[in-house]
Amino acid sequence: MKVLVPVKRVIDYNVKVKVKADGTGVDLANVKMSMNPFDEISVEEAIRLKEAGIASEVVIVSIGEKKATDTIRNALAMGADRGILVTEDQGVDLEPLAVAKILAKVVEEEAPELVILGKQAIDNDMNATGQMLAALLGWGQATFASEVKIEDGKAVVTREVDGGLQTISVNLPAIVTTDLRLNEPRYASLPNIMKAKKKPLDEKTAADYGVDTTPRLTVVTTEEPTGRQAGIKVGSVDELIAKLKEGGLV
Amino acid sequence: MAVLLLAEVAGDTLAVDATAKAATAGAKLGDVTVLVCGPQAAADEAAKLDGVTKVLLADDAAYANGLAENLADLIVSLAGDYSHIIAPATTTGKNILPRVAALLDVMVITDVTEVVDADTFKRPVYAGNAVQTVKSTDATKVISFRTSTFDAAGSTGSAAVETVSGAGDKGLSAFVEDKVVESDRPELTSAKIVVSGGRGVGSEENFAIIEALADKLGAAVGASRAAVDSGFAPNDQQVGQTGKVVAPDLYIACGISGAIQHLAGMKDSKVIVAINKDEEAPIFQVADFGLVADLFDAVPELTEKL
Ligand SMILES: Cc1cc2nc3c(=O)[nH]c(=O)nc-3n(C[C@H](O)[C@H](O)[C@H](O)COP(=O)(O)OP(=O)(O)OC[C@H]3O[C@@H](n4cnc5c(N)ncnc54)[C@H](O)[C@@H]3O)c2cc1C
Ligand SMILES: Cc1cc2nc3c(=O)[nH]c(=O)nc-3n(C[C@H](O)[C@H](O)[C@H](O)COP(=O)(O)OP(=O)(O)OC[C@H]3O[C@@H](n4cnc5c(N)ncnc54)[C@H](O)[C@@H]3O)c2cc1C
């Protein structure tokens with residue numbers, strides 16, 4: 001079974017982003033970029049499926065600027081087999097609908113039985129691409145996975161939902177999106193980082209797939225959220241209780 | 001404008017709070033029709049929500065348990081009549097709406113916190129460190145609303161309930177089981193007070209002191225990702241960018257450092273209290289009242305003296 005893992009290059013989760021003063025977006029110049037943390041979890045899960053003899057090949061795909069090559073190499077260093085970079089030169093990130101349309105074409109070509117995506121990218125927090133891809137392919141979807149078992153042509157997936165955990169089974173081929181507790185991604189070892197440089201990496205352009213990526217949403221402004229000021233330090237539990245009582249909170 | 005709102009149904013009952021908050025958001029856009037996938041009683045409950053003009057009831061096993069494939073098709077079959085298709089940004093809404101949007105060939109707009117006009121919405125990005133105003137050019141807008149920023153609609157209405165049916169089970173997925181955490185405490189996203197514990201609490205057993213304070217205050221219990229990952233608390237208690245977003249009147253953070261991902265889920269609380277033994281902890285930068293103390297002393301003392 002072939003597993004396809006789409007990965008996104010995003011601002012590192014440790015970076016506190018700064019909104020540009022003119023409202024046109026956030027300042028991405030010279031900030032550290034990394035693989036979306038949920039995508040590391042997806043790559044790890046795919047590699048574990050391969051190590052367990054369930055997956056035969058793990059293919060990584062990223063859509064974005066040329067620098068996304070680093071992100072793909074990262075995944076290859078973790079243990080994935082080969083990569084596909086789809087460059088688009090719109091100057092902005094593509095919307096999940098456009099990403100899903102391109103991924104649907106990649107799926108057509110690659111014919112994986114399982115596509116594992118992150119539940120959300122930590123930059124735009126849309127939480128949409130996996131579900132959209134499932135819709136376009138007419139496949140079943142198991143989102144927010146904290147456990148994935150492959151058995152009898154099905155993926156049995158435990159999902160993190162608001163009320164607790166839900167287990168569903170979806171027929172393969174299927175889409176899975178990963179949640180935080182699915183696994184702990186490994187670090188790539190130095191020898192594997194070296195090896196990854198020689199693994200195959202195909203380059204395509206969004207135009208090759210003939211997908212219309214015209215944005216449906218225009219970002220009118222990007223603003224700083226209304227801030228919160230630090231309050232006061234209280235010296236004791238008694239003082240805290242007094243303050244809370246004053247505010248009518250307890 | 002006509003709005004179709006997918007009601008949140010938990011088990012057999014309407015999740016009134018989440019649905020009522022999304023109804024408030026929907027009413028800013030037009031007449032709200034609520035789609036209830038569940039039993040008649042849940043539909044009757046939805047019919048009472050202020051601003052709701054009609055309820056569509058789909059009482060069919062295929063639509064129970066929130067299976068996205070079946071529900072998305074049902075919604076798409078009804079979509080023609082509506083300019084906006086909306087849901088609360090619960091795990092159910094987040095699972096289903098993007099699928100609906102892709103089937104309609106439109107973009108989804110998730111986690112919306114403010115309606116600017118019928119096409120324009122505000123949503124937080126980058127863990128709430130920026131707020132984007134986005135304008136949609138799509139014919140149908142598919143939107144999930146962050147419930148913590150909308151007040152719940154009242155329950156004085158009496159809309160008509162109509163039955164609808166769809167194509168039923170597509171056979172792509174099947175429900176296996178739910179592990180629902182039963183609790184007598186208020187629900188995290190609607191509670192007036194939330195007491196949260198982080199890695200500093202140290203263990204699942206120690207979490208009892210967080211729960212004791214919560215019970216004294218009639219509060220819900222929350223947790224940081226570190227506390228959930230370490231098994232101190234269940235996943236449904238995670239507050240943050242990738243967990244639940246809460247905005248109670250009072251949020252008490254115990255042994256939580258205040259990482260941006262955690263702040264993203266609680267910084268809109270009216271009053272924030274932080275108890276942390278490290279006076280440099282970033283949580284103090286957002287706390288109205290900070291207490292530098294060992295939580296194992298301060299939390300039980302607080303519980304006792306309240
Ligand atoms: C300041 C700013 C301005 C913007 N302006 C515009 C604009 O004017 N027009 C416009 O079209 N867009 C714009 N965007 C971008 C757009 O809003 C987002 O990129 C888009 O919504 C994607 O959402 P997401 O990354 O949160 O996807 P999610 O659905 O949260 O991503 C989930 C998963 O999908 C997969 N995935 C997502 N993207 C990729 C990818 N590129 N390659 C491979 N896998 C992927 C990954 O597995 C990921 O974990 C802007 C973004 C910013 C920050
Ligand atoms: C993709 C991604 C998504 C994430 N999503 C979320 C999310 O949704 N929610 C979330 O919370 N985090 C999230 N995180 C994790 C986040 O970055 C932090 O790691 C996490 O919030 C830290 O939890 P914590 O504050 O409990 O632990 P720590 O940062 O370890 O802080 C523990 C605190 O407890 C204090 N302490 C220790 N002992 C005591 C004591 N006896 N008395 C008083 N204080 C004490 C310490 O001084 C310290 O400040 C995410 C991270 C990533 C990468």
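Naming convention: chains lettered A, B, ... in sequence-line order (proteins, then strands); numbering from 1 in each chain.
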Do the side chain of Q261(B) and the main chain of Y13(A) share a donor and acceptor less than 3.5 angstrom apart? yes
Please tabulate, for the side chains in residues 238-246 of chain A, all donor-acceptor contacts under 3.5 angstrom to protein atoms that are two or more places apart in sequence or on a different chain.
| residue | atom | partner | partner atom | Å |
| --- | --- | --- | --- | --- |
| D238(A) | OD1 | K305(B) | NZ | 3.1 |
| D238(A) | OD2 | K305(B) | NZ | 3.3 |
| E239(A) | OE1 | G235(A) | N | 2.8 |

Within the side chain of K94(B), is there an N or O that forms a donor-acceptor pair under 3.5 Å with the backbone of M126(A)? no
Is it true that D105(B) and K101(A) make a salt bridge, defined as a side-chain N closer than 4.0 Å to a carboxylate O? yes
Is L291(B) in contact with chain A via its backbone, its side chain, both, or neither, using a 4.5 Å heavy-atom distance? both
Name the member of V220(A), L97(A), T167(A) that forms the most heavy-atom pairs with chain B at distances under 4.5 Å. T167(A)
Applying the side-chain contact (heavy atoms from CB on, under 4.5 Å) test to Q132(B), which of N124(A), V26(A), T221(A) qualifies? N124(A)
Going through the checks in order, is the side chain to side chain contact (heavy atoms under 4.5 Å, CB included) test met by L217(A) and I109(B)? CA-CA 9 Å; L217(A) 304 179; I109(B) 312 173; 3.7 Å; yes
On a heavy-atom basis, which atom in P98(B) and which in A128(A) lie closest, and how many Å separate them? CB-O, 3.7 Å
Crowded around D22(A) CG? As in, over 12 foreign heavy atoms under 6.0 Å? yes
Determine the minimum heavy-atom distance between E69(B) and V170(A), stating which atoms define it. OE2-CG1, 4.2 Å
Out of curiosity, M107(B) CE to M132(A) CE, how far, rounded to the nearest 0.5 Å? 5.5 Å
Distance, nearest 0.5 Å, that separates CG of L133(A) from CZ of R99(B): 10.0 Å
Can you see whether T110(B) engages N127(A) through a side-chain donor-acceptor pair at a distance of less than 3.5 angstrom? no
Looking at every heavy atom in both A135(A) and A102(B), which two are closest together, and how far apart are they? CB-CB, 3.7 Å
Given a strict heavy-atom distance threshold of 4.5 Å, which part of N65(B) is in contact with chain A: side chain, backbone, both, or neither? both
Any heavy-atom pair between the side chains of Y126(B) and V15(A) that's under 4.5 Å? no
Could you walk me through whether D125(A) and V125(B) pass the side chain to side chain contact (heavy atoms under 4.5 Å, CB included) check? CA-CA 6 Å; D125(A) 289 333; V125(B) 289; 5.6 Å; no
Per-residue contact mode, V100(B) against chain A (heavy atom under 4.5 angstrom): neither
For Q141(A) and N95(B), run side chain to side chain donor-acceptor pair (under 3.5 Å): C-alpha distance rounded to whole Å, both residues' side-chain angles, the deciding distance at 0.1 Å, then the answer. CA-CA 9 Å; Q141(A) 68 188 51; N95(B) 186 32; 2.8 Å; yes
Which answer fits L302(B), side chain, backbone, both or neither, if we ask what part of it has an atom under 4.5 Å from a heavy atom of chain A? both
May I have the step-by-step check of side chain to side chain contact (heavy atoms under 4.5 Å, CB included) for Q241(B) and Q120(A), ending in yes or no? CA-CA 10 Å; Q241(B) 179 189 11; Q120(A) 79 195 56; 4.1 Å; yes
For each of A98(A), A142(A), A174(A), G138(A), tally heavy-atom pairs with chain B at distances under 4.5 Å, and name the one with the top tally. G138(A)
Heavy-atom cut-off 4.5 Å, strictly under: side chain, backbone, both or neither for A10(B) against chain A? neither
Can you tell me which portion of A293(B) sits under 4.5 Å from chain A's heavy atoms? Options are side chain, backbone, both or neither. neither
So which of R181(A), K154(A), E184(A), K16(A) has the largest heavy-atom pair count under 4.5 angstrom toward chain B? R181(A)
Of all heavy-atom pairs between I193(B) and L249(A), which one has the smallest distance, and what is that distance? CD1-O, 3.9 Å
Taking all heavy atoms of T222(A) and all of A130(B), pick out the closest pair and write down the distance. CG2-CB, 3.8 Å
Using a 3.5 Å distance criterion without hydrogens, assess whether the side chain of D162(A) forms a donor-acceptor pair with backbone atoms of T91(B). yes
Tell me, for E182(B) versus chain A, whether the close heavy atoms (under 4.5 Å) come from the side chain, the backbone, both or neither. neither
Mind checking what makes side chain to side chain donor-acceptor pair (under 3.5 Å) contact with K270(B), not counting sequence neighbours? D249(B)
Can you tell me how far CZ of R216(A) sits from CG of D138(B), rounded to the nearest 0.5 angstrom? 5.0 Å
For A298(B) versus V237(A), what's the shortest heavy-atom pair and its separation? O-CG2, 3.8 Å
Answer with side chain, backbone, both or neither: which region of L67(B) has an atom nearer than 4.5 Å to a non-hydrogen atom of chain A? side chain
Heavy-atom contact with chain B under 4.5 Å, split by part of V157(A): neither
E223(A)/K122(B) salt bridge by N-O under 4.0 Å criterion: yes
Using atom types as modelled and distance alone, determine if a side-chain donor or acceptor of N235(B) lies under 3.5 Å from a backbone N or O of G164(A). yes
Interface moiety of A287(B) toward chain A, non-hydrogen atoms closer than 4.5 Å: backbone
Please lay out, stage by stage, how E160(A) and D236(B) fare under the test side chain to side chain contact (heavy atoms under 4.5 Å, CB included). CA-CA 7 Å; E160(A) 292 201 0; D236(B) 56 283; over 6 Å; no
Between K233(A) and F289(B), is NZ or CZ placed under 6.0 angstrom from the six-membered ring centre and within 45° of the ring axis? no
Taken to the nearest 0.5 Å, the spacing of R228(A) CZ from K267(B) NZ works out to 9.5 Å
Atom group of Q237(B) that falls short of 4.5 Å from chain A, counting heavy atoms: neither
Among V250(A), T226(A), L180(A), residue most engaged with chain B (heavy-atom pairs, under 4.5 Å): L180(A)
For the CD atom on E151(A), are there more than 12 heavy atoms of other groups (residues, nucleotides or ligands in this structure) within a distance under 6.0 Å? yes
Scored by heavy-atom pairs under 4.5 Å with chain B, the best of G227(A), S236(A), A230(A) is A230(A)
